[in-house]
Protein chains: 2
Amino acid sequence: MEPLAFHHHDHSHCEGDVMHRAEALAKEQRLRLTPVRKRVLEILLEAHKAMGAYDVLQRLAAEGFGNQPPVAYRALEFLVEHGLAHRIRRLNAFTACMHPGEAHSPAFLICRQCDSVAEADAAGVRAALGASAEALGFTIERSNIEALGLCPACKTE
Amino acid sequence: MEPLAFHHHDHSHCEGDVMHRAEALAKEQRLRLTPVRKRVLEILLEAHKAMGAYDVLQRLAAEGFGNQPPVAYRALEFLVEHGLAHRIRRLNAFTACMHPGEAHSPAFLICRQCDSVAEADAAGVRAALGASAEALGFTIERSNIEALGLCPACKTE
DNA sequence: CTTGACTTGTGATATTATCACATATACGCC
DNA sequence: GGCGTATATGTGATAATATCACAAGTCAAG
Ligand SMILES: [Zn+2]
Ligand SMILES: [Zn+2]
Ligand SMILES: [Zn+2]
Ligand SMILES: [Zn+2]
């Protein structure tokens with residue numbers, strides 16, 4: 001997993017590349033990446049940060065898709081369900097997954113200044129969490145790990 | 001930190017004990033644990049699970065306190081701010097802290113069956129998360145770590 | 001007692017999320 | 001290619017969660 005998020009990178013490439021992988025993944029798994037769903041993923045990728053469902057909806061509506069909340073929520077739910085996007089509970093928002101297909105258990109680093117969201121590798125984190133849980137007899141099925149703070153760019157400003 | 005949550009325990013004692021420590025803490029830190037705030041903490045302790053703000057509000061209103069959302073939200077915010085309660089973002093809910101005063105960085109284990117919430121020790125988890133973040137140049141200020149799964153009681157049923 | 005900070009009550013409103021049901025589209029099968 | 005079924009979408013309504021703004025009350029220091 002590449003920690004690209006906070007480094008300068010060719011963003012248009014990052015969009016295209018992730019989108020390409022997402023489409024390949026969809027075909028491979030017989031997922032129906034319909035126009036709305038695909039467009040929502042594109043919108044998230046373009047924004048490159050977490051977006052609320054209503055922000056996404058506004059974009060969709062402006063482009064001729066439905067303008068009622070379920071339109072956005074259903075597409076976002078689909079993307080999250082299939083690992084193409086992530087839900088950031090702390091922000092009541094969603095963000096495109098930068099590593100679709102790769103089995104990954106992300107932790108999210110949320111900059112409180114610029115609202116950027118990065119996926120950090122959380123394999124170690126999850127192992128530690130699993131150990132803590134196991135000690136209590138608890139079986140973890142899903143988890144969300146989110147951190148708020150300052151990204152390197154905002155720290156130096 | 002005692003992992004009491006999922007074990008059978010004298011719940012009335014647990015309530016009283018935590019409440020007692022909370023009051024001591026409040027006095028020590030010159031916090032104003034007013035009637036509403038104290039009552040909210042009691043309500044959370046009695047429930048011994050995560051409660052939504054509106055559930056708390058309903059209880060408060062029934063007891064003669066204000067019946068508008070800010071009444072509950074303000075008290076809950078105060079408790080969270082001062083480490084007497086925690087916010088569970090995954091549930092849009094709040095739960096009393098079982099370890100007030102003790103510096104602790106909890107992870108929450110949420111049972112999807114019985115909705116109980118336990119605080120697990122997350123020192124190791126947080127260390128791992130900090131390392132991941134530091135590798136990206138990100139400075140963590142606050143974080144929330146929540147896991148959804150099955151508690152030992154519900155697993156055997 | 002007066003002042004100023006903090007707290008509470010209350011009405012209104014904003015934001016986030018889900019439900020219900022009709023219509024339309026895609027897919028598997030013949 | 002038709003047919004029936006599952007899936008997806010559009011749409012209106014509503015639920016659930018959270019915040020704002022301002023008036024009134026409380027408390028403690030000086
Ligand atoms: Zn991801
Ligand atoms: Zn930043
Ligand atoms: Zn705690
Ligand atoms: Zn349980």
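Residue numbering restarts at 1 for every chain, and letters A, B, ... go by the order of the sequence lines. These numbers come from a predicted model, not from an experiment.
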The single option from B:M51, B:R59, B:H86 that satisfies side chain to side chain contact (heavy atoms under 4.5 Å, CB included) with B:L44 is B:M51

The side chain of A:R32 lies closest to which of these nucleotides: C:dT10, D:dA8, D:dG10?
-> D:dA8

[X] [atom1] - [N] [atom2] separation (whole Å):
X     : N      : atom1 : atom2 : value
A:F65 : D:dT11 : CZ    : P     : 12 Å
A:L31 : D:dT7  : CG    : C1'   : 13 Å
B:N67 : C:dG11 : CG    : P     : 7 Å
A:L57 : D:dG10 : CG    : P     : 11 Å
B:F78 : C:dT7  : CZ    : C1'   : 11 Å
B:K38 : C:dT8  : NZ    : C1'   : 18 Å
B:L33 : C:dT7  : CG    : C1'   : 13 Å
B:E63 : C:dG9  : CD    : C1'   : 17 Å

Quiz item: cation-pi between A:R37 and A:F78, 6.0 Å / 45° = yes

Can we say [X] and [Y] salt-bridge, meaning some charged N sits less than 4.0 Å from an Asp/Glu carboxylate O?
X      : Y      : value
A:E146 : B:R89  : no
A:R21  : A:E102 : yes
B:R74  : B:E81  : no

Is there side-chain contact between B:L136 and A:P152, with heavy atoms separated by less than 4.5 Å?
-> no

Could you encode protein contacts along nucleotides 13-19 of chain C as a string, one character per nucleotide from 5' to 3', using B for base contact, S for sugar-phosphate-only contact and - for no contact, with a heavy-atom cut-off of under 4.0 Å?
-> ---BBBB

Does A:T34 make a side-chain N or O approach to OP1 or OP2 of D:dT9 shorter than 4.0 Å?
-> yes

